[in-house]
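A short write-up of the structure that comes next.
Every chain is numbered from 1, with letters handed out A, B, ... down the list of sequences.
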Amino acid sequence: MNPTFKFELIHECAQSKARLGRLTTPHGVIETPCYMPVGTQATVKAMTPLELREIKTQILLSNTYHLYLRPGHELVKQAGGLHAFMGWNGPILTDSGGFQVFSLGDLRKITENGVEFRSHIDGSRHLFTPERVMEIEAALGADIIMAFDECVPYPADHDYTEKSMHMTHRWAKRCKESQLRADQALFGIVQGGTYADLRADSAKAIADMDFIGNGIGGLSVGEPKPMMYEMLEVVNAILPKNKPRYLMGVGSPDCFFEGVLRGVDMFDCVLQTRIARNGQALTSRGPLTIRNATFERDFSAIDPDCDCYACKNFTRAYVRHLIKAEEILAARLLSIHNLRFSLALMENIREAIRNDRLLDYKKEFYETYGLL
RNA sequence: GGAUGGGUUCCCGAGCGGCCAAAGGGAGCAGACUGUAAAUCUGCCGUCAGUGACUUCGGUGGUUCGAAUCCACCCCCAUCCA
């Protein structure tokens, strides 16, 4: 095990399987459970690193596929690595491009060796193999790097899901064997679609490879939520307790609770910043489409219970005006808010775990949020 | 006073005998968004209402089986000439 990384389990909630932890990385310590804002193209859309600091971001996510294509991982390396390049000196996690294999659809062809794909930017041909991805992630220099996997769509039949899963396992092994830097924590990724037996097999296989942390991928791709929660239970019963568990791409408020209650430690999600750009705010009273006409003359804060810059200084009516006028500040203010809302929610979740009352807190939150 | 070009559904604007409740924009309204090909995408957008019915294309009258589209007169607007 790499000494640069340390995951300490500080407390387990007496009411659930929720865990309070502390993950040490070269660029800082992360309290878990945590939410990681997503900065795909070496920027969390609409946010400066200073603002990310102010809302108490602990760690950011970025993306191998996107940075490889533009501006190119060699350029990022020349710039001194991703931290220096984007002006963020806190921890960073890079996703491997496995999700793009999924989302780019017919632009790619999957083989045992890797994925041949065409750039969504200029159509040029490229090949990602586990070894190549490790090379790129090493050049980018994130603190945590993800193994290259195939994210299987939903629905997918058992046979396809199983074959894909085994390939993901072989790729995980190849990633581990070709990892280039000791100062990066490599996480494996559990797949297995929506099949409990496959999820169990995958969790076992990935756990046996002894990664520093374990990702749970291929969820929240269209399957019903109860199905996702069931998969989490299967997987987390098998994944080692002394290593961080990262539920990839999931991050609505209810998913935070349901995931943490089932032993998840890390989340990332683009929802916060995406819906912000589309005029919607997450609030303690549930999501609000600030763009809607109801808020035209609503001079209250976006979320009266929030402590962020946007909520403390502006009104819903003003933000709605900015949205209608297509002013860039609308996206900025709502991004600041939605991210702060999610980070603060996670802070509250950690506090509730510490006090052995996560189920109680969930009930309180859901009541106000409108989920009960 | 004369000449020419125009007046189309909230706005701009296409249509120039039937396939027109009327293209296309814009505005407006609503919905979606979960390891970001997303400051994107989708739907609605005359009225009432189940396929349907009804009232619309400056006004009035006419031609025609049928008119936003053709004719006459009138009213406005723009530009040019006196």
| field | Below 4.0 Å: OP1/OP2 of rU36(B) and any side-chain N or O of Q100(A) | value | yes
Short N/O separations, protein against nucleotides 26-30 of chain B, under 3.5 angstrom:
{"residue": "rC29(B)", "atom": "OP1", "partner": "R320(A)", "partner atom": "NH2", "Å": "3.2"}
{"residue": "rC29(B)", "atom": "OP2", "partner": "K324(A)", "partner atom": "NZ", "Å": "2.5"}
{"residue": "rA30(B)", "atom": "OP1", "partner": "A293(A)", "partner atom": "N", "Å": "3.3"}
{"residue": "rA30(B)", "atom": "OP2", "partner": "A293(A)", "partner atom": "N", "Å": "3.2"}

| query | Short question: side chain of R22(A), backbone of E31(A) - any donor-acceptor pair under 3.5 Å? | reply | no
| Base, sugar-phosphate alone, or nothing: which one does Q272(A) contact when heavy atoms must sit under 4.0 Å apart? | nothing
| message | In whole Å, measure the gap between the C1' atoms of rC12(B) and rG7(B) for me. | response | 14 Å
| request: Quick one: label L247(A) by what it contacts on the DNA or RNA (base, sugar-phosphate, nothing), any heavy atom closer than 4.0 Å. | output: nothing
| query | Has N63(A) got a side-chain N or O lying under 4.0 Å from the OP1 or OP2 atom of rU36(B)? | reply | yes
| message | Check this one for me: any side-chain N or O of R274(A) less than 4.0 Å away from OP1 or OP2 of rU34(B)? | response | yes
| message | Closer than 4.0 angstrom, basic N to acidic O: yes or no for E131(A) and R174(A)? | response | yes
| message | Can you tell me how far apart CD1 (I302(A)) and CG (L282(A)) are? Round to the nearest 0.5 Å. | response | 11.0 Å
| task | Scan every strand shown for a Watson-Crick or G-U wobble partner of rU51(B), both distances under 3.5 Å, and answer none if you come up empty. | result | none
| message | Given the ring of Y229(A), does K225(A) sit roughly above its face, with NZ or CZ under 6.0 Å from the centre of the six-membered ring and within 45° of the axis? | response | no
| K45(A) side chain, from C-beta outward: closest of rC33(B), rA37(B), rU36(B) | rU36(B)
| request: For rU36(B), take OP1 and OP2 only and decide whether either is under 4.0 Å from a side-chain N or O of T40(A). | output: yes
| Pair E135(A) + K77(A), salt bridge at N-O below 4.0 Å | no
| Is there a donor-acceptor pair under 3.5 Å between the side chain of T64(A) and the backbone N or O of D95(A)? | yes
| said: Using a heavy-atom cut-off of 4.0 Å across all strands, would you classify I275(A) as base, sugar-phosphate, or nothing? | reply: base
